[in-house]
Amino acid sequence: MSSNFIFNEIDKDIENGIYLADEIKTRFPPEPNGYLHVGHAKALYINFAVKEKYNATTYLRYDDTNPAKEDIEYTEAIQEDIAWLGFKWDQLLFASDYFETMYEHAIELINKGLAFIDDQTSEEIRSSRGSLVEKGTESPWRNRSIEDNLKLFREMREGKHEAGSRVLRAKIDMSSPNMNMRDPVLYRILFESHPHTNDEWCIYPMYDYAHPIEDAIEKITHSLCSMEYEDHRPLYDWVLDNIDAYKEKRPRQIEFARLAIKGALTSKRNLKKLVDNNIVDGWDDPRLYTLRGLRRRGVSAQAIRNFCAAVGVAKANSEIPREQLDYYVREDLGKTAKRIMAVVNPLKLTVTNYPEGQIEILDVPNDTSDPDSETRQVAFGRDLYIEADDFEQNPPKGYHRLYPGNEVRLMGAYFVKCTGAVVDADGNVLEVLCEYDPETKSGSGFTARKVKGTIHWVESTTALPIETRQLGELLDPEKPSGDVLERLNSSSLERLDSFAEKSLEAANPSDTFQFVRLGYYCADSTPGVGGKMAFNRTVELKSTWKPEKA
RNA sequence: AGGGGUAUAGCCAAGUCGGUAAGGCAACGGAUUUUGAUUCCGUCAUGCGUAGGUUCGAGUCCUGCUACCCCUGCCA
């Protein structure tokens, strides 16, 4: 049972007759200025959880009120990522489609004496805003006549005033302890081509003015956002209070704490910096906690959704260890992933009593924990590769994989007893020798003796190399791998490892901020390294790169 | 003249009217095991930031402290 206080709030609103149970409506309002990351996954989860529970309507609305920062590139990507995550919005909307209405409402506010054109520079506005402990001072233009305000505002729209020369401000209270209420700017002049409205406008509404109107137009009942907007709620309500059309049945803003994962970078600004400086491979670099990065890394959408549900929704700041996401990845992959054997760091294993040149095809269960599991065909022969660290010449205490004299099971095949190893002059193990016992064939019901270790292997002449890029995709249910046998050779890792080097080069030795973890999932693992599926190989990076404070 | 939030286990988090601290992750035992995985059993807060108060009874109510987060964009 996941926790979500927002359900309680909605329930109360329904009980109190504020909203009807069948008219609940939410929205996910990203600004199209970057790619989505785990943090967005939580916001998406919350909005769509409401949709599911209340049979509500949920929109995807681009909050595109600042053309200077937005790009069409991102709108497509955002939709792809949400669709991949498995959420289906009822309608795709653009805040910019409401610009005309917003403009009319601004005129209404001017007519009511609640907004004015301010000719001060941005510096003057800033300095007259006061400070956290000092009142602000009113603009000298605050009491301009309604007629002048109207005329100026119209001229602003017509492009007759330079960018930055004037703004439309709300007339609220320069002495408010809430900075947001000190005559906030409602409209600014921006001669920027807008990705959606092109050059139709040269004045653009600010978030605080636009957002409540967007919600109200769409009849959103619960406008869910993160905690930093809590201080903006009085302004949100002020806007709706003062526009006649929205006085009744208006949306209610509810704030929740953002999701933070320890060590995961989730600020667009810093993410963009990593991408732009080529410190990472792109927005889908598997070390990033972008939705695309996670996907490439092999994280399933279901796992992310389960993770969000488990974490719950509350108002307290929190930081969740990555291991908690990992758990849900393993849980889901364990149920759904196709399994194959893979060797990351190969070591030659020769079955000396197996006929040379002979290859036999074994039926190996895809999931040994499921007796009804389907099987796949895997080639077995004399010349195999095993994971290098599945062999020890001088095994430490408690080691129960391969070492001279010890017997282990080759998963899905036979028991194999280590008879020795070929070692070069420097003591490097070149090849491990063993003998197999035909009676111990997998599935034969052999119980005469037991082994403590089971290891993975691939047959050397039939194993296939795999591209690094495919590592994460291997288990993507939408991109099934049809391979029976796969082999990862060490060069597969080079590309990923080189990412690490780049990061380190960019590092500042005085800073140990850790921003990435390289890890990926693949079908089978090497015993002892991490288990069945996930985290076969995980590389922790300490980087010197320090994210800028926004 | 500052304002707004938040404090429950190592990490998240439930706890509507006050009635004797859910659940998940992690950890630790043990059973099963053809992956040192999975699965399965079990353990894990006389305690709810802190000091008082009210009450038969307080995580819940009252008062005073403390810590952390957010707010001075013509960003969202």
Side-chain angles (χ1 to χ4, degrees), chain A residues 1-5 8 11-12 29-31 33 63 65-66 68-70 118 120-122 125-127 129-136 163-169 175-182 184-190 204 206-208 210-211 225-234 255 257 262 268 307 309-321 323-328 330-331 334-335 339 341 364-365 367-370 398-401 409-413 415 440 442-443 446 450-456 524-534 550:
Chain A
M1 187 46 59
S2 71
S3 56
N4 188 338
F5 79 95
N8 298 347
D11 286 343
K12 274 185 227 160
E31 183 185 21
N33 68 347
D63 215 354
T65 57
N66 185 358
K69 292 198 171 179
E70 294 149 13
D118 196 338
Q120 292 185 107
T121 64
S122 57
I125 290 178
R126 192 194 325 123
S127 59
R129 187 150 28 223
S131 74
L132 296 180
V133 292
E134 289 167 316
K135 295 178 182 184
S165 61
R166 304 167 213 276
V167 291
L168 179 72
R169 283 231 260 174
S175 64
S176 171
N178 181 346
M179 301 296 288
N180 297 304
M181 300 299 270
R182 319 241 265 224
V185 173
L186 266 23
Y187 267 91
R188 77 286 217 183
I189 301 169
L190 242 35
Y204 291 93
M206 299 288 288
Y207 166 87
D208 282 314
H211 209 87
C225 60
S226 43
M227 291 299 288
E228 67 264 32
Y229 290 104
E230 208 154 27
D231 285 341
H232 295 248
R233 192 177 349 125
E255 308 83 13
K262 197 165 169 55
K268 268 179 198 165
F307 169 71
V311 160
V313 185
K315 288 170 84 96
N317 291 330
S318 65
E319 202 176 42
I320 302 176
E323 288 71 16
Q324 204 153 330
L325 203 211
D326 295 347
Y327 170 82
Y328 292 96
R330 271 184 268 119
E331 181 194 54
K335 280 187 262 186
R339 296 150 200 240
M341 287 190 281
V364 176
D367 183 354
T368 53
S369 64
D370 173 11
Y399 187 85
H400 45 252
R401 280 166 279 161
R409 160 156 243 122
L410 292 179
M411 191 177 177
F415 281 12
T440 59
S442 177
F446 178 85
K450 294 203 167 199
V451 289
K452 281 192 169 176
T454 300
I455 66 172
H456 289 197
D524 277 344
S525 77
T526 54
V529 174
K532 173 154 61 181
M533 356 226 6

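Here is the naming used below: chain letters follow the sequence lines, and residue numbers restart at 1 for every chain.
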Checking all strands, does G136(A) fall into the base, sugar-phosphate, or nothing category for heavy-atom contacts under 4.0 angstrom? nothing
Identify whether any heavy atom of K315(A) sits under 4.0 Å from a base atom; if not, whether one sits that close to sugar-phosphate; answer base, sugar-phosphate or nothing. sugar-phosphate
For C68(B), does either OP1 or OP2 sit under 4.0 Å from a side-chain N or O belonging to N317(A)? no
Check every strand shown and say whether V167(A) touches a base, only sugar-phosphate, or nothing at a heavy-atom separation below 4.0 Å. base
Classify the nucleic acid contact of Y229(A) as base, sugar-phosphate or nothing, counting any heavy atom under 4.0 Å across all strands shown. base
Heavy atoms only, 4.0 Å cut-off, all strands: where does R233(A) land among base, sugar-phosphate and nothing? nothing
Charged N to carboxylate O below 4.0 Å: is that the case for K268(A) and E31(A)? no
Candidate nucleotides U33(B), G73(B), G5(B), ranked by approach to the side chain of R126(A) - the nearest: G73(B)
H232(A), nearest nucleotide to its side chain (from A13(B), G2(B), A76(B)): A76(B)
Pick base, sugar-phosphate or nothing for V313(A), based on heavy-atom distances below 4.0 Å to the nucleic acid. sugar-phosphate
Winner on side-chain proximity to E228(A), out of C70(B), G5(B), C74(B), is C70(B)
Of the nucleotides A76(B), C12(B), C75(B), which one has an atom closest to the side chain of Y207(A)? A76(B)
Decide yes or no, distance alone: a donor-acceptor N/O pair under 3.5 angstrom between the base of G3(B) and the side-chain of D231(A). yes
M206(A) has its side chain closest, among C74(B), C71(B), C12(B), to C74(B)
Looking for any heavy atom pair under 4.0 Å, which part of the strands does S131(A) touch: base, sugar-phosphate only, or nothing? base
How would you label the contact of E31(A) with the nucleic acid (heavy atoms, under 4.0 Å): base, sugar-phosphate, or nothing? sugar-phosphate
Could you please name the partner base of A67(B), counting Watson-Crick and G-U wobble pairs only when both distances are under 3.5 Å? U6(B)
Output the single nucleotide from G4(B), U34(B), A13(B) whose closest atom is nearest the side chain of A316(A). A13(B)
Have a look at F415(A) and say if it touches a base, only the backbone sugar-phosphate, or nothing, with a 4.0 Å heavy-atom cut-off. nothing
Is the shortest side-chain N/O distance from R129(A) to OP1 or OP2 of G73(B) below 4.0 Å? yes
Report which part of the nucleic acid L410(A) touches: base, sugar-phosphate, or nothing (heavy-atom distance under 4.0 Å, all strands). nothing
Applying a 4.0 Å non-hydrogen cut-off, can you work out what T65(A) is touching in the nucleic acid: base, sugar-phosphate, or nothing? sugar-phosphate
Considering every strand shown, what is the Watson-Crick or G-U wobble mate of U46(B) when both distances are under 3.5 Å? none
Mind checking whether Y207(A) and H232(A) have parallel, tilted or perpendicular rings, split at 30° and 60°? perpendicular
With heavy atoms under 4.0 Å as the rule, sort E255(A) into base, sugar-phosphate or nothing. nothing
Base, sugar-phosphate or nothing for N8(A)? Non-hydrogen atoms, less than 4.0 Å. sugar-phosphate
Testing U72(B), G4(B), G24(B) for proximity to the side chain of L132(A), the answer is U72(B)
Taking N and O atoms by type only, does the side chain of R409(A) place a donor or acceptor under 3.5 Å from a partner on the base of U34(B)? yes
Are any of S176(A)'s side-chain N or O atoms less than 4.0 Å away from OP1 or OP2 of G3(B)? no
Just compare C74(B), A14(B), C70(B) and give me whichever is closest to any side-chain atom of A314(A). A14(B)
What nucleotide among G36(B), C71(B), C75(B) has an atom nearest to a side-chain atom of T454(A)? G36(B)
For G19(B) versus C62(B), give the span between their P atoms, rounded off to a whole number of Å. 15 Å
Nearest-nucleotide pick for R188(A), side chain only, options being A14(B), G24(B), A76(B): A76(B)
Would you mind classifying the nucleic acid contact of D63(A) as base, sugar-phosphate or nothing, using non-hydrogen atoms under 4.0 angstrom? sugar-phosphate
